[in-house]
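Letters go in sequence order (proteins before strands), and every chain restarts at 1.
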There are 2 protein chains.
Amino acid sequence: MAITIKDIAKRTGVSHSTVSRALGGNSLISEATSTRIRKVAREMGYQPSAAARSLKTNQTKVIGVIVNSIDDPFFSEILFGIEDAAQQAGYSLFIAASQYDPIREQKIVQTMMEQRTDGVIICSSSFSADKGRQLLANGFPVVVVNYKANENFNYSIYHDDLDGSQQLTRHLLALGHTKIAYLGNSKSGRTSLDRLNGFKKEMRKAGEKINPAYIYEVGGSDPALGKESLHYFMNLSDRPTAIICFNDMLAIGFLHACRQSGIRVPDDLSVTGFDNITFSAYTSPPLTTLDQPKYSIGNESAQLLLELLGKKIENQNNTHKEKVLKGSLLVRNSTSTLTPKE
Amino acid sequence: MAITIKDIAKRTGVSHSTVSRALGGNSLISEATSTRIRKVAREMGYQPSAAARSLKTNQTKVIGVIVNSIDDPFFSEILFGIEDAAQQAGYSLFIAASQYDPIREQKIVQTMMEQRTDGVIICSSSFSADKGRQLLANGFPVVVVNYKANENFNYSIYHDDLDGSQQLTRHLLALGHTKIAYLGNSKSGRTSLDRLNGFKKEMRKAGEKINPAYIYEVGGSDPALGKESLHYFMNLSDRPTAIICFNDMLAIGFLHACRQSGIRVPDDLSVTGFDNITFSAYTSPPLTTLDQPKYSIGNESAQLLLELLGKKIENQNNTHKEKVLKGSLLVRNSTSTLTPKE
DNA sequence: AAACCTTCTGCACACGTGTGCATTAACTAT
DNA sequence: ATAGTTAATGCACACGTGTGCAGAAGGTTT
């Protein structure tokens, strides 16, 4: 059994209350006994029980993070930003991955509630809204990241996907492309839709028509799915000259399929990604993509939550706060001017 | 404030002990009241307090996981295996990333102890041994993963890096290579050393000499470091014809540098990786690597820990258990027979 | 010397759960 | 009808920590 403040009390000949106060830095206790107690505590290797403390103070100093999958390098970098902010404020992270599984989602929400997490950050774009509201209803401060799907969440931070997609589209248009396709991920909900809409909006602005056959969706963002989708576009009688992929993972698979099929990128086909994950710099050719400020997104979402925890007393239902971060176009070598074929 | 069993007791007109027993499935309580209580509990949206329960039962149903960095896709897949096993047994994960920072490591250990984690899995090959022992000394069951550095940890599970490296070396030798180099990661300690030794051992077995200049180490496993290291090998008067990289990340960067420098892989130079992370299948050319059973490593380490928690009473210091998993050679297109130059 | 203030410490209770023991009610056996 | 057995529930305490309040010790003011 771990040692408690009572053990320290016995050892120093004072009451456990005095020990509690001394270690808590309460100025009521004389400096002399205070330092003596602290010394003994250190010698005995005392570690306070988070459970007991939480029970009494009604706060855990833990914030929960719900994420789609830890495998996804995109989320990893967001997590990194969250952890930095949390750690600095003395908070620990309780991370759970939903794996797109509703049953798992429910279990996660339940666990968060049982653990009495001080707040929750939802980074999963596909996380079901009712489960999120379940947290809100139980009084948990919630910050949603890249989850514009529902306006019921009062605190959110997200990347401007519409703008990002427009930037990419403008880039391709400027290179002379008009036959531009979009490869989406039906599982990522609003995020994919926003990117599609940004593309459409910019095309309309430029007075270009969009071929409905150029819009294709797959059920996830595994590179393998990107790879498989090349078939679809190649079977079109009128092929696109450029393709905007929902994210880097799909683009990486897509590029690979191009190489295998002898389609030269960017000469035959320009390809863009989205997110700028580490590996997008190492593809062949290096991927033109939209650099999303992943670390900042994570960091600021954590800061927003922390701020929320500070003024917990006020009614958070009446306040709204929404922060939008913009990414920037990162031109590498997977896009080029349109070269006439044959 | 969240509702408690006392609230349920008041509502149903019984004592809080009866509620506790009813929800705990104690057969002492009559079936009638039991179901009635359960129904009310559900209606009121009761969520037990993990803190209070832990305090009383002295177990948290949480296992701590210490990892180098969440960014690393290699660790991500191990985490996946751990989570599956843990979830199935009703345990949650408390994940912390050390980021190779000693101060952070100390904080993590302290947090784990304060949280009274039921057990700890250390997945960080570079995690300092004394901090691990600190956990052991405080009675925490510990399982180390890929951490052969010190035999003081009684429960460990690791991949046979020596064997894996030998498999790769044999593969290259069979292709006719004799001028083989090794690109290591000085930060990963024993792991890198084992892979180096596997390489040396197999070379010796084949009667081949190793050029000391062919062994080069960098301080990490970021692809950028792999990319930079090409310079070194190209400046050698007698260049190697094949190179074994410590892991896929380095190999991916290395391949990229080759492409930029006009070095044809595998015609001019054969390159191998290690781990088989997702992206190694999408490089150009696809990477020959050693497929490490990452999921299994994670899963079995969690199972080992769970087993350990079951027979907690016995003195774990007297028992040893070590499990070794072997990976398998995965030949793709970054290696080929030696073709005479010019 | 009595009355007061200041400084420090201990007592006792609370947080939400779980559990040994006593208690009550209901039923069976003589 | 009484004693004995079984089934169901409540009482009271414990886990480790924090905190309002009372109280003790020592010093200062009248």
Side-chain angles (χ1 to χ4, degrees), chain A residues 1-38 40-41 44-62 90 110-111 113-118 138-139, chain B residues 1-38 40-41 44-62 90 110-111 113-118 138-139:
Chain A
M1 202 75 337
I3 65 154
T4 72
I5 52 171
K6 286 186 186 174
D7 300 325
I8 302 177
K10 217 165 280 174
R11 189 77 118 60
T12 51
V14 297
S15 74
H16 80 274
S17 336
T18 303
V19 176
S20 173
R21 281 192 256 260
L23 296 179
N26 192 314
S27 59
L28 279 176
I29 309 299
S30 74
E31 201 51 48
T33 50
S34 223
T35 51
R36 186 166 57 96
I37 288 172
R38 263 196 278 268
V40 173
M44 296 179 75
Y46 168 71
Q47 297 290 348
S49 159
R53 180 172 289 172
S54 303
L55 189 56
K56 190 65 188 157
T57 64
N58 212 33
Q59 64 162 335
T60 54
K61 286 284 182 181
V62 170
Q110 194 176 325
T111 305
M113 301 208 290
E114 292 185 0
Q115 295 289 336
R116 302 288 195 267
T117 296
D118 285 344
N138 283 59
Chain B
M1 199 76 341
I3 64 154
T4 72
I5 53 171
K6 286 186 186 172
D7 300 325
I8 302 178
K10 216 165 281 174
R11 190 77 118 58
T12 51
V14 298
S15 74
H16 80 276
S17 339
T18 302
V19 176
S20 173
R21 280 192 256 261
L23 297 179
N26 192 316
S27 60
L28 277 176
I29 308 299
S30 74
E31 201 52 47
T33 51
S34 221
T35 50
R36 185 166 58 97
I37 289 172
R38 263 196 278 269
V40 172
M44 297 179 75
Y46 168 73
Q47 297 290 349
S49 158
R53 180 173 287 170
S54 303
L55 189 56
K56 191 63 188 156
T57 63
N58 212 34
Q59 62 162 337
T60 54
K61 285 285 183 180
V62 170
Q110 194 176 324
T111 304
M113 301 209 289
E114 291 186 0
Q115 295 289 335
R116 304 284 195 270
T117 295
D118 285 345
N138 282 58

Using a cut-off of strictly less than 4.0 Å, decide whether [X] has a side-chain nitrogen or oxygen near OP1 or OP2 of [N].
| X | N | value |
| --- | --- | --- |
| B/Thr33 | D/dT9 | yes |
| B/Ser30 | D/dT9 | yes |
| B/Ser20 | C/dG18 | yes |

Among [options], which nucleotide sits nearest the side chain of [X]?
| X | options | result |
| --- | --- | --- |
| A/Thr18 | C/dG18, D/dG10, C/dG10 | C/dG10 |
| B/Ser15 | D/dC11, C/dG16, D/dG18 | D/dC11 |
| B/His16 | C/dG10, D/dA12, D/dC11 | D/dA12 |
| A/Arg21 | D/dT9, D/dC21, C/dT17 | D/dC21 |

Note to self: Counting C-beta onward and ignoring hydrogens, is there a side-chain heavy-atom pair between B/Leu23 and B/Tyr46 closer than 4.5 Å?
What the structure shows: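 Yes, their side chains come closer than 4.5 Å.
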Within the 4.0 Å heavy-atom criterion, would you say B/Ser17 contacts the bases, only the backbone, or no part of the nucleic acid?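 Base contact - B/Ser17 has a heavy atom under 4.0 Å of at least one base atom.
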* For DNA chain C, whose closest nucleotide is more 5', that of B/Gln47 or that of A/Ser27? ->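 On the 5' side of the pair lies A/Ser27.
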Comparing A/Leu28 with B/Tyr46, nearest DNA chain C nucleotide closer to 5' gives the residue A/Leu28
5' precedence on DNA chain D between B/Leu55 and B/Arg36 (nearest-nucleotide basis):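 The residue mapped nearer the 5' terminus is B/Arg36.
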Checklist entry - Pick the nucleotide of DNA chain D nearest each of A/Lys6 and B/Lys56; which residue has the one closer to the 5' end? => result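 Closest to the 5' end, via its nearest nucleotide, is B/Lys56.
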No-H, no-angle donor-acceptor pair, B/Arg116 side chain to D/dG16 base, under 3.5 Å:
no
Checking only heavy atoms, does the side chain of B/Arg53 share a donor-acceptor pair with the base of D/dG16 at less than 3.5 Å?
->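 By the distance-only test, no, there is no pair.
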Tell me the interatomic distance from A/Ile29, atom CD1, to D/dT19, atom P, rounded to whole angstroms.
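Result: 12 Å.
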Separation of D/dT17 C1' from A/Asn58 CG (nearest whole Å):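 After rounding, the reported distance stands at 13 Å.
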